[in-house]
Amino acid sequence: MSAPNDSYDPVEVTPLHPDEVARMRDEALAAIAAASSLEELKEVRIAYAGDRSPLALANREIGSLPPSARAEAGQRVGGARREISEALKERGAVLEEERDNRVLVEEAVDVTLGWDRRPRGARHPLTTIAERMTDIFVNMGFEVAEGPEVEAEWYNFDALNFLPDHPARTMQDTFFVEAPSGGESGLVLRTHTSPVQVRALLDRPLPVYVVAPGKTFRTDELDATHTPVFHQLEGMVVDENITMAHLRGAIDAFVHSMFGAGLRTRFRPYYFPFTEPSGEVDLECFVCRGESVGNPDAPCRTCGSEGWIELGGCGMINPRVLVAAGVDTERYSGWAFGIGVERTLMFAHGVRDMRDMVEGDVRFASAFGMEV
Amino acid sequence: MRVPVSWLREYVDLPAELTARDLAAGLISVGLEVETVDEIGADITGPIVLGRVREIEELTGFKKPIRYCRVDVGAANGTGEPQGIVCGARNFSEGDPVVVALPGATLPGGFAISARTTYGRVSEGMICSATELGLWEDHTGIVVLPEGLGEPGADIHDLLGLREDVLDIAVTPDRGYTLSIRGVAREAAATYGVSFHDPADVPVSGTAEGGYPATVADPAICSRYVLRGVTGFDPDAESPLWMKRRLAQTGVRPISLAVDVTNYVLMELGQPLHAWDRDKLRGPIEVRLAHSGEQLETLDHVKRSLDPDDILITDESGPINIAGVMGGATTEIDPTSTNVIIEAAHFSETHIARASRRHQLSSESSRRFERGVDSELQLAAATRAVNLLAEFGGAGVEEGYTHIDLSVAREPITIDERLPARVSGVDYPAGTTVRRLREVGCAVEEAGQTLWVTPPSWRPDITDPNDLAEEVIRLEGYGEIPSIPPRAPAGRGLTSGQRIRRAVGRGLAGAGFIETLSYPFVGEGHFDGLRLGPDDERRRAVRLTNPLNDDEPLLRTTLLPGLLRTLVRNVGRGFNDVALFEIGLVYLPKEGAPEYAPMPPVDRGPTPEERANLEEALPEQPRRVAAVLAGNRELSGWWGKGRQATWADAIEAAREVGRAAGAELRPRPADDSPWHPGRCAALYVVNNSDGGSGAGTLVGHAGELHPRVIGSYGLPARTVAMEVELDVIEAARTTVRAPEISGYPVAAQDVALVVDNSVLAADVEEALRSGAGDLLESVRLFDVYTGEQVGEGRKSLAYNLRFRAGDRTLTAEETTVARDAAVAAAASRTGAVLRG
């Protein structure tokens with residue numbers, strides 16, 4: 001390297017001569033443009049932009065120029081190096097994209113190849129539909145009450161105003177539990193979820209707004225429309241100034257959420273020992289909306305062209321039940337309803353045979369997946 | 001209850017244009033469950049006429065005797081000439097009026113009549129039997145019509161009432177009175193606001209003296225008892241055609257006039273009647289409860305032992321009837337009986353209900369008595385019956401009758417006139433309550449808004465103010481009730497347990513298991529199949545009195561039998577790789593539970609002690625989760641080989657349940673049925689109370705099933721299973737405290753430790769953890785090696801230890817010190833030797 005020399009003519013430092021700088025720059029740009037791969041470009045970068053490249057070396061000579069000339073030479077060399085750097089970047093981007101395109105094409109696979117390496121699981125649709133039905137009421141502010149499946153007759157019958165020898169009690173097709181000695185035990189498999197009403201009233205402070213989904217049992221042989229083990233969803237309110245209008249409102253809200261806004265419901269008088277007055281609720285067929293009635297050309301499989309679907313039983317809780325649960329009937333009244341979960345799944349999803357829900361064939365639950 | 005509409009119309013002025021379907025809808029709207037409308041005879045069409053048999057020619061040479069008849073059908077055949085008809089029946093003579101279906105007619109079931117050649121003659125039609133006309137079952141021959149019904153050629157459709165609409169009503173237990181045409185007619189009248197003519201308004205002839213002697217031992221078993229007799233009854237008299245037809249339409253087979261009359265009055269008025277042959281009675285009748293040891297041979301020729309709770313009708317010979325349930329054989333009406341006693345009684349509902357169940361005899365009579373018959377109807381019903389016997393059987397009605405009235409007047413129910421409005425939420429106009437209650441037959445006394453209401457004798461179901469409210473509300477129409485959305489107070493949502501149950505279901509389904517819901521019914525055979533020992537707790541099961549299947553009288557004490565059966569079913573249907581789970585209750589009898597669950601009174605809430613006693617009688621019913629796997633856990637495919645499900649997958653499924661429930665399950669070796677003794681883990685949940693330092697609480701087992709269990713259930717080889725108790729896992733759940741996440745670098749160290757084969761990996765890991773101190777972030781076993789290099793009976797366990805501090809980058813020295821401490825702890829606790 002030359003020593004600083006104030007009288008030195010910058011033109012005489014050859015590498016810093018404008019023509020020479022331009023030549024080095026052009027040579028570098030030409031090499032960059034000629035690089036055909038990222039590997040070649042790497043070599044070009046070392047040769048023309050590395051520490052030992054001509055312009056890097058030329059840059060070191062700037063110090064040997066007189067101060068008055070250094071700025072101009074610095075701009076000249078710096079400008080050339082920036083141009084080369086830009087060119088390297090651009091060419092690099094182009095070459096990278098070319099490489100990526102090539103490699104990504106080479107790595108392409110057949111994405112339609114099946115991947116069932118891990119078998120898929122599923123929840124039972126009776127579980128998920130019961131959760132959905134439950135959640136509609138939970139979202140209205142109800143809580144979920146529970147009770148045992150082997151139940152005392154007192155809860156299953158007596159407290160619900162089923163008198164000991166009344167036909168209503170014997171019509172329930174009850175499974176009775178045998179006492180260890182072989183006699184009567186006073187226990188049954190609960191025939192409905194209604195005993196949970198009494199338990200909820202005994203367990204909770206008033207007012208009570210609960211829903212009780214659960215397993216129930218009757219001595220029916222399994223066939224296409226019967227199963228000895230089935231599920232119900234019980235709903236109950238006990239509060240001040242409760243009327244049948246509130247019952248109707250709750251059922252309407254459920255129906256609209258579950259089956260569709262605007263669907264009509266129909267109440268018919270019926271009989272249950274634990275409600276008075278009692279009723280059954282029909283739901284306007286959510287498939288045909290009554291269009292199939294008297295129209296043999298367009299029959300409806302969901303409602304059997306009846307226009308209505310039987311949803312469940314309901315009524316005002318019989319004051320005798322409230323008394324047996326220790327509720328002050330002067331102040332409180334309430335309503336209750338019960339809906340069959342199997343029935344709901346059958347008409348909501350077109351299940352044709354009760355046995356499909358019972359047998360545990362993997363194809364049945366798998367069709368529904370994680371939610372209904 | 002089957003109700004012929006024409007019969008109903010006799011007692012209620014229904015609009016003529018009202019169709020049977022409209023009527024059904026109307027009755028449904030007031031609470032009668034009309035299930036179907038049977039259009040009887042709707043498929044009978046074409047010329048069916050009255051014919052008179054002119055000549056009978058006996059044809060011979062066939063397998064059975066055949067008649068060729070010339071039948072006068074008037075002008076109905078267009079010629080006026082007698083019609084030639086071949087007939088196989090023999091119960092008619094020349095001159096008899098008969099029913100002739102002419103060619104072109106169609107009989108029930110689409111049976112088309114045409115002229116055809118048979119037995120060598122052309123038969124131009126058919127002489128019909130009652131069965132062929134759809135009237136009633138009768139295989140004794142053709143219908144011989146009574147004289148005077150009409151002229152030959154008269155259209156028979158209306159003469160015989162071939163066409164009838166019959167409502168089939170499923171009667172709810174509270175409405176026993178609608179088990180009669182009378183009761184349904186009253187409901188129809190109220191529905192349409194039209195007049196009702198009570199068929200029980202029968203003028204009672206005779207005097208209440210000199211009837212057949214009878215006494216009632218106790219008003220509690222029989223509140224009213226009526227006997228009426230007829231003499232000189234013609235046992236050969238036939239029931240009139242209309243009576244037979246109506247009985248058949250209500251579902252009762254016509255038998256003989258005496259029997260038909262009792263059934264007819266039963267259907268018409270709802271009062272069960274019994275008829276005795278008076279000449280077979282021995283002395284005065286007494287109505288009383290049975291003495292133990294008494295026996296009676298009933299009409300069905302079964303000798304029955306009587307229960308002291310049975311109400312009996314007795315005479316000097318002993319029991320002659322089980323009251324309200326079935327008569328005895330010795331006093332039965334027979335084809336020669338001419339003197340008949342009709343009994344009409346009001347028996348205690350509950351006694352009849354129990355007797356009917358005890359003797360397994362459910363009859364038209366017992367169904368009505370159980371639901372309660374009209375308590376004032378008996379004299380009218382008996383009178384109606386003897387009048388019919390007199391009219392159609394030529395009998396004379398005896399002047400004196402027996403009428404024992406032990407009834408007690410009903411107390412009125414007091415209600416507020418506004419009660420129906422308060423119950424329904426409908427603002428009824430003033431006077432509605434009184435009007436509607438009177439329509440259903442109540443006597444109502446008014447004092448301002450307070451009403452004293454005495455229900456009618458046919459409505460024993462009305463006992464409470466709400467019963468009266470229902471009468472008003474249903475007749476006003478349930479359709480009037482408005483819809484007011486619920487206004488529940490803010491709820492607390494699902495409980496932790498309810499949320500966990502859903503999380504477990506989703507977790508297992510997400511892990512590839514399919515949920516099933518199997519029946520809880522099992523038998524000893526299932527326990528044997530699981531190789532449960534004779535004293536195994538799980539053999540102590542709740543037993544059903546009346547199981548559906550005698551082989552499965554028990555309730556499950558483990559979820560596995562149901563799951564294994566479902567697994568076998570799926571394998572049988574061609575699914576070899578199956579992973580199933582179930583969440584459900586098991587039923588475990590309590591040691592020392594009372595023999596009989598108490599039945600506290602229901603006129604008040606139970607005391608805390610009564611509630612506790614009720615709970616004490618119930619079995620424990622914990623919620624369990626179980627899973628079974630067979631075949632491949634990972635399937636083979638284009639990616640490579642599958643992986644067979646192993647004991648480890650079963651344990652992992654159990655731990656998945658723990659994770660979903662927010663608790664950690666730790667396996668320990670165990671030997672428990674039905675698992676493989678060397679491949680079974682007991683699973684423990686870490687308790688809150690001991691802070692995780694103790695052994696924890698046992699929650700269940702997991703592993704490969706015992707080969708013999710696999711054999712006895714017919715399972716695929718190497719089937720694995722787990723079962724854990726969700727309630728215990730739930731209880732162990734703790735509130736998660738957020739971890740402190742350190743941003744400093746991790747320092748990882750691998751160590752390989754050689755231990756005896758008998759040393760458990762879990763113990764080595766536990767020792768490493770305790771020795772490594774607070775800097776340890778995680779321990780992971782990444783290799784297990786056995787072989788020459790580590791020596792016979794020993795194994796090498798390779799662990800990756802990761803260290804990290806919350807406040808600094810660890811130095812190599814710190815990490816090494818921690819690692820050495822971990823290894824030292826493993827060495828001292830498990831004899832582990834660092835592998836060189």
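Proteins come first, then strands; the chains are lettered A, B, ... in the order of their sequence lines, and each starts at number 1.
There is no contact between A/Thr128 and chain B, counting heavy-atom distances below 4.5 Å. Contacts of B/Glu595 with chain A are made by both backbone and side-chain atoms, with heavy-atom separations under 4.5 Å. There is no contact between A/Trp335 and chain B, counting heavy-atom distances below 4.5 Å. Contact annotation for A/Asp252: only side-chain heavy atoms (C-beta onward) come within less than 4.5 Å of a heavy atom of chain B. Looking at A/Met140, the atoms closer than 4.5 Å to chain B (heavy atoms on both sides) sit in the backbone and in the side chain alike. Using a 4.5 Å cut-off between heavy atoms, A/Leu202 contacts chain B through both its backbone and its side chain. Heavy atoms closer than 4.5 Å to chain B are found in both the backbone and the side chain of A/Val229. Interface residue A/Ala325: only backbone heavy atoms are found under 4.5 Å from chain B. Residue contact with chain B, scored on non-hydrogen atoms closer than 4.5 Å, involves the backbone and the side chain of A/Glu151 alike. The contact between A/Phe217 and chain B is made entirely by side chain atoms (from C-beta outward), counting heavy-atom distances below 4.5 Å. With a 4.5 Å cut-off on non-hydrogen atoms, B/Glu33 touches chain A through its side chain but not through its backbone. Contact of A/Asp203 with chain B is made through backbone and side chain together, with heavy-atom distances under 4.5 Å. Residue A/Thr134 touches chain B through its side chain alone, counting heavy-atom pairs closer than 4.5 Å. With a 4.5 angstrom heavy-atom cutoff, A/Asn318 touches chain B only via side-chain atoms. Only the side chain of A/Tyr155 comes within contact range of chain B, judged by heavy atoms closer than 4.5 Å. Residue contact with chain B, scored on non-hydrogen atoms closer than 4.5 Å, is absent for A/Ser333.
Residues A/Tyr271 and B/Arg175 are not in side-chain contact: their nearest non-hydrogen atoms beyond the backbone lie 4.5 Å or more apart.
For residues 209-219 of chain A, every residue pair satisfying the side-chain hydrogen bond (donor to acceptor under 3.5 Å, both in side chains) rule, not counting sequence neighbours, is listed here: A/Tyr209-A/Asp239.
Under a 3.5 Å cut-off, the side chain of B/Glu470 and the backbone N or O of A/Ser278 do form a donor-acceptor pair.
Taking chain A as the reference chain and counting heavy-atom pairs below 4.5 Å, the highest number among B/Phe521, B/Trp639, B/Trp638 is found for B/Trp639.
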